[in-house]
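Beneath this line is the structure, given in structure tokens, with notes to follow.
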Amino acid sequence: MPIKKPKLYIIHGWTYTVAPWDRTISLLEKQGLSVEMLHVPGLTASSKKVWTIEEYVRWADRNLPDGAVALGHSNGGRILLNLCSEKPDKLQHLILLDSAGIYEASNKRDLARGLSKKLGFLKKIPGLAKVWHKLTGASDYARAPENMKKTLSNMLDSDKNLDLSKISVPTSILWGAADTVTPPHQAEIMHQQIKDSRLEIFPNWTHAPYISHPAELAKVIFRTYKQPPEVTTPVEVTEASAISASLALKKAAEPEIPSTAPISATLAFKKAAGPSAHDTVSRSAALAVPSGKPRVALPSKKVVEAVGSNSRGSSPSSSTNNILEELKVVDYEKADLTMPAPEPRRIISTASVPKVGRIERMRRKLTPSKKSSAKKPTIKQQTSKKIKTKARSSASAIRSKS
């Protein structure tokens, strides 16, 4: 079974012969591409009627299979643009070569139409045909039969209603920089308005590169056929992306605030009255810093009663001995009173805090300086001194009685 060659369909421009295309088509077929030229009614196919763009679109739709790759030159590009605008899924790949389809007001074209109507008899006079073509600019309108003059007017007027933004088929736009019939700026307009399009402008190509550059044109067409433009994938809008920021915030979970109801009235009163002695034990390290005033173990009630009773009714020797024995139980009598008071214990926190934070400031307030400790005796020293003084006075009183 023979392998089916890839096929390219071509719709030519406003011309009455396709012979100039032979060289390009032959080179394309040598590269393995099958080419079919469609003959436009009224131009290369006989027709006496006046055609509209709608009729040409229906004609192209009948002659082109769905999913085909088609190239349109000049007016042929105009027909394919209108076809793809009405039926976006008709073609697989659209190739435009110096295509028509962009509407621009033209004084020269309007002048040619007027001269053709009034001075058309000049072209029938021998020797004046060249003058006629020069006056009219050798335009397609001037050379067309009467039915095709009206057809061409219909084609030019149809450009006003052509919406290129409706075309979604991948489109390759090939253009000649030396084109004076459809200038290159029209190619740029097409490229801007057709979504998935790619534009290439060639420096020396004219409006008919199949005549001026047939070999180069064949290479470019074959490459373009094999490498169509990439189709832009549409971005799907999900329901989540359509939700506004305000709605999204409403849908977000609200933070849970613990209720104060479980707190009892007792705890509330404790907070109002301030921390108790028991509460300070479980407080933070800031409250655990020592105040700088060491606790003093005062003499017990037993010692005081013993001193008082001995001073009233005991014998001098026994009273003195009892007092000295009782004083031994005082913790501060066992310590060396000549030694300075120990430094208060410092709590070092492993928490990450600033160099001078709340704990450090409180410690500095509560820890006495060396000057103040040197001037003012500690409570321990004061208590020891009072006990010694009291003991000496008791001893002297006993001696005086004896």
Going through the distances and angles, do Ile53 and Asn161 end up as a side chain to side chain contact (heavy atoms under 4.5 Å, CB included)?
CA-CA 11 Å; Ile53 190 62; Asn161 302 320; over 6 Å; no
Can you find a pair of side-chain heavy atoms, one from [X] and one from [Y], that are under 4.5 Å apart?
{"X": "Tyr56", "Y": "Met155", "result": "yes"}
{"X": "Trp59", "Y": "Ile11", "result": "yes"}
{"X": "Leu83", "Y": "Asp61", "result": "yes"}
{"X": "Ile102", "Y": "Leu164", "result": "yes"}
{"X": "Ser165", "Y": "Gln193", "result": "no"}

Just by distance, do the side chain of [X] and the backbone of [Y] share a donor-acceptor pair under 3.5 Å?
{"X": "Asp98", "Y": "Gly176", "answer": "yes"}
{"X": "Lys90", "Y": "Leu64", "answer": "yes"}
{"X": "Ser172", "Y": "Pro170", "answer": "no"}
{"X": "Ser85", "Y": "Asn82", "answer": "no"}
{"X": "Asn147", "Y": "Lys49", "answer": "yes"}
{"X": "Lys7", "Y": "Glu36", "answer": "no"}
{"X": "His73", "Y": "Ala208", "answer": "no"}
{"X": "Tyr225", "Y": "His93", "answer": "no"}

With sequence neighbours excluded, tell me which residues meet side chain to side chain donor-acceptor pair (under 3.5 Å) with [X].
{"X": "Glu188", "answer": "none"}
{"X": "Ser47", "answer": "Trp51"}
{"X": "His213", "answer": "none"}

Closest heavy-atom pair and its distance - [X], [Y]:
{"X": "Ser197", "Y": "His191", "result": "OG-ND1, 2.9 Å"}
{"X": "Lys166", "Y": "Pro88", "result": "O-CG, 4.2 Å"}
{"X": "Thr182", "Y": "Trp175", "result": "O-NE1, 2.8 Å"}
{"X": "Lys226", "Y": "Pro6", "result": "NZ-CG, 4.2 Å"}
{"X": "Leu27", "Y": "Pro214", "result": "CD1-O, 4.1 Å"}
{"X": "Glu29", "Y": "Lys5", "result": "O-NZ, 4.5 Å"}

Once you round to the nearest 0.5 Å, how far does [atom1] of [X] lie from [atom2] of [Y]?
{"X": "Leu96", "Y": "Leu174", "atom1": "CG", "atom2": "CG", "answer": "8.0 Å"}
{"X": "Ser34", "Y": "Tyr9", "atom1": "OG", "atom2": "OH", "answer": "8.0 Å"}
{"X": "Asn63", "Y": "His39", "atom1": "CG", "atom2": "NE2", "answer": "10.5 Å"}
{"X": "Lys219", "Y": "Arg223", "atom1": "NZ", "atom2": "CZ", "answer": "11.0 Å"}
{"X": "Met37", "Y": "Ile25", "atom1": "CE", "atom2": "CD1", "answer": "4.0 Å"}
{"X": "Ile95", "Y": "Ile173", "atom1": "CD1", "atom2": "CD1", "answer": "11.5 Å"}

Side chain to side chain contact (heavy atoms under 4.5 Å, CB included) assessment of Tyr16 paired with Met148
CA-CA 11 Å; Tyr16 297 96; Met148 296 310 293; 4.3 Å; yes
Could you walk me through whether Leu94 and Leu81 pass the side chain to side chain contact (heavy atoms under 4.5 Å, CB included) test, one step at a time?
CA-CA 9 Å; Leu94 172 61; Leu81 285 170; 4.1 Å; yes
Start with the C-alpha distance between Lys149 and Glu146, add both sets of side-chain angles, then the distance that settles salt bridge (Lys or Arg N to Asp or Glu O under 4.0 Å), and finish with yes or no.
CA-CA 5 Å; Lys149 287 179 181 178; Glu146 288 301 321; 3.3 Å; yes
With side chain to side chain contact (heavy atoms under 4.5 Å, CB included) as the test, would you mind laying out the steps for Trp205 and Val220 before giving the verdict?
CA-CA 12 Å; Trp205 288 13; Val220 172; 4.0 Å; yes
Within the supplied structure, the quantity of interest is the number of heavy atoms (other residues, nucleotides, ligands) at a distance under 6.0 Å from Arg23 CZ; does it exceed 12?
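No.
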If only side-chain N and O atoms count, and only distance matters, is there a donor-acceptor pair under 3.5 Å linking His207 with Thr180?
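There is no such pair (donor and acceptor under 3.5 Å, judged by atom type) between the side chains of Thr180 and His207.
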